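Each remark here refers to the structure printed beneath this line.
None of the values given here were measured: they were computed from a predicted structure.
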Amino acid sequence: MAFSFGSTAGTAANQGTGFSLGTFTPKTTASGFGFGAATTTASTGFGGLFGAAQNKGFGFNTGFGATATNTGLGAGLGTGLGFGFNTQQQQQQSGLGGLFSQPVQNNAQSNHLINTASALSAPTLLGDERDAILAKWNQLQAFWGTGKGYFHNNIPPVEFTQENPFCRFKAVGFSCIPNNKDEDGLVAFVFNKKESDLRAQQQQLVESLHKVLGGNQTLTVNVEGVKTMPDDQTEVVIYVVERSPNGTSRRVPATTLHNYFEQANVKANLQQLGVTLIMARTELSPAQIKQLLQNPPAGVDPIIWEQAKVDNPDPEKLIPVPMVGFKELLRRLKVQDQMTKQHQSRLDIISEDISELQKNQATTMAKIAQYKRKLMELSHRVLQVLIKQEIQRKSGFAIQAEEEQLRVQLDTIQSELNAPTQFKGRLNELMSQIRMQNHFGAVRSEEKYYVDGDLLREIKQHLKQQQEGLSHLIGIIKDDLEDIKLIEHGLNDNIHIRGGMFS
């Protein structure tokens, strides 16, 4: 049983999970203690991240009042053009399908409220002071969310569930708001199989789903993604493309496809394939999100709900989700752990790609340096060829004025270089210093090493952890020695006592 915000009508053969916000036709029953709120079981989930298992708690498993019918779907999957390029007729109930309207207070609900209040405050089962103890026991059961509250001899006891507003094991988390459009046609299946098994049989799975759709040749089943889920389950997201006789194609809307899969005979075939849950990936309109946030779920304190909205780290992408009971908390923990493993595996892949790119970069840099040296060598060879060619071309000609000026300039540069006090002296001094450094380097084979600061901090941190580990091990050994001394002392006392008894 899951909490909802009003009365809904319809049927659904599968329960939603976690924060289920897809489009579907729900089934409504009266809640155990909901102050007139109806409860809903749904067949769609939120995105797959928090929609992998059955939710016995609140679960916003609502279609928000919109039920879609398609004139081409009912008769086309097995007989005609499949889903057909026909217009969907949206049948909108008043007040978003009555989902967010106030539930009608009937006699059964009123009696349930009165009985619950009597069980928690003034039971008259025994007629003495023990009724006060019974009231406290009923309150404890209501806080825990389980058990039966006896309060009168002639009236059946009240059944306490975790959905009652007095249950203390409640919290509010946050889930991503779905951003897939209905036109994308994404429908998620949760299989009770491992990911490796499904990937090995992916082609057979696509063919089986095509048979479920009636084997229509105008329909093509495509797999959008496969994702591992907790408890050896796997989520497979698909979409169906329909081709028209004139050559155009389109994706079948998610709500239309989901409604078809929810039919009793079709769902039975899917269950034989291992499907445990079917979810339509559809986004919510701003009006639906606003209405959802304005009305806290049944059984949740409005103050806590308002505080959850204030604490929302990203209101544009996240939405508050009530969590009831430890099972729901455990499920979300498993999903979070699974997502953490997926993120870590993705980071490992990215790290390997970066390492490979770094190796390629080093190889490329080495090749670039090699090509630069080769280019310099080729440039010198070309220059030598040009010099020889120019000499041959000028052979037999008199020296021109420009060449004479160039010769004078070269002679001047040569004389400056050969002058003892100019560049030649400095070059000789530098050459002598280089020889001395090489000589001292050969005599002193001392080498200095420098450790990078980050590496030094890592070494210090590692040594500190080793020291802490040794200290912890020494403490354990000391405790064990004290325990051994106590055992020896006890054994000695027993020996003395037995010796005194036999003496």
Side-chain angles (χ1 to χ4, degrees), residues 1-20 26-43 53-62 99 102-128 130-172 295-302 304-305 321-331:
M1 174 182 300
F3 279 71
S4 67
F5 294 96
S7 59
T8 54
T11 59
N14 197 4
Q15 289 186 346
T17 64
F19 179 39
S20 303
K27 178 180 179 180
T28 304
T29 57
S31 63
F33 186 62
F35 294 100
T39 61
T40 307
T41 58
S43 59
Q54 289 186 349
N55 178 17
K56 302 294 183 180
F58 287 83
F60 297 90
N61 308 322
T62 64
L99 185 60
Q102 295 295 331
V104 180
Q105 295 282 349
N106 52 33
N107 293 332
Q109 293 174 339
S110 300
N111 293 335
H112 187 273
L113 293 177
I114 296 173
N115 294 340
T116 303
S118 300
L120 298 178
S121 59
T124 58
L125 184 66
L126 303 173
D128 53 19
R130 291 177 294 178
D131 287 337
I133 300 176
L134 181 61
K136 294 181 179 180
W137 171 247
N138 291 338
Q139 293 174 11
L140 181 62
Q141 292 185 101
F143 294 159
W144 182 262
T146 183
K148 296 181 179 181
Y150 292 89
F151 63 97
H152 197 276
N153 291 321
N154 300 326
I155 301 178
V158 178
E159 187 78 22
F160 293 116
T161 61
Q162 292 182 342
E163 286 79 14
N164 77 82
F166 300 101
C167 180
R168 297 297 179 88
F169 299 105
K170 296 177 182 177
V172 178
N295 298 305
V300 175
D301 192 343
I304 298 177
W305 188 251
V321 181
M323 296 180 293
V324 181
F326 293 103
K327 290 184 179 180
E328 177 66 15
L329 184 61
L330 178 62
R331 187 190 67 81

May I ask you to test the F151-P157 pair for a side-chain heavy-atom distance under 4.5 Å?
no
When rounded to the nearest 0.5 angstrom, what is the spacing between NZ in K148 and CD in Q141?
10.5 Å
Between P296 and V300, which heavy-atom pair has the shortest distance, and what is it?
CB-O, 4.2 Å
Using 30° and 60° as the class boundaries, would you call the ring planes of F326 and W144 parallel, tilted or perpendicular?
tilted
For P322 against P297, the heavy-atom pair lying closest together
CG-CG, 3.9 Å
Just wondering, are more than 12 heavy atoms of other shown residues or ligands nearer than 6.0 Å to CZ in F169?
yes
Would you say that L125 contacts N153 through its side chain, given a criterion of any heavy-atom pair below 4.5 Å between the two side chains?
yes
Please give me the minimum heavy-atom distance between P123 and A135, naming the atom from each residue.
CD-CB, 3.5 Å
For N115 and V158, indicate whether the former's side chain and the latter's backbone hold a donor-acceptor pair under 3.5 Å.
no
Answer whether the closest heavy-atom distance between the side chains of F160 and C167 falls below 4.5 Å.
no
Considering only heavy atoms from C-beta outward, does the side chain of V172 approach that of V321 to under 4.5 Å?
no
Is the shortest heavy-atom distance from the side chain of F166 to the side chain of L120 under 4.5 Å?
yes
d(S118 OG, N138 CG) to nearest 0.5 Å is 10.5 Å
Donor-acceptor under 3.5 Å (N164 side chain, G145 main chain):
no
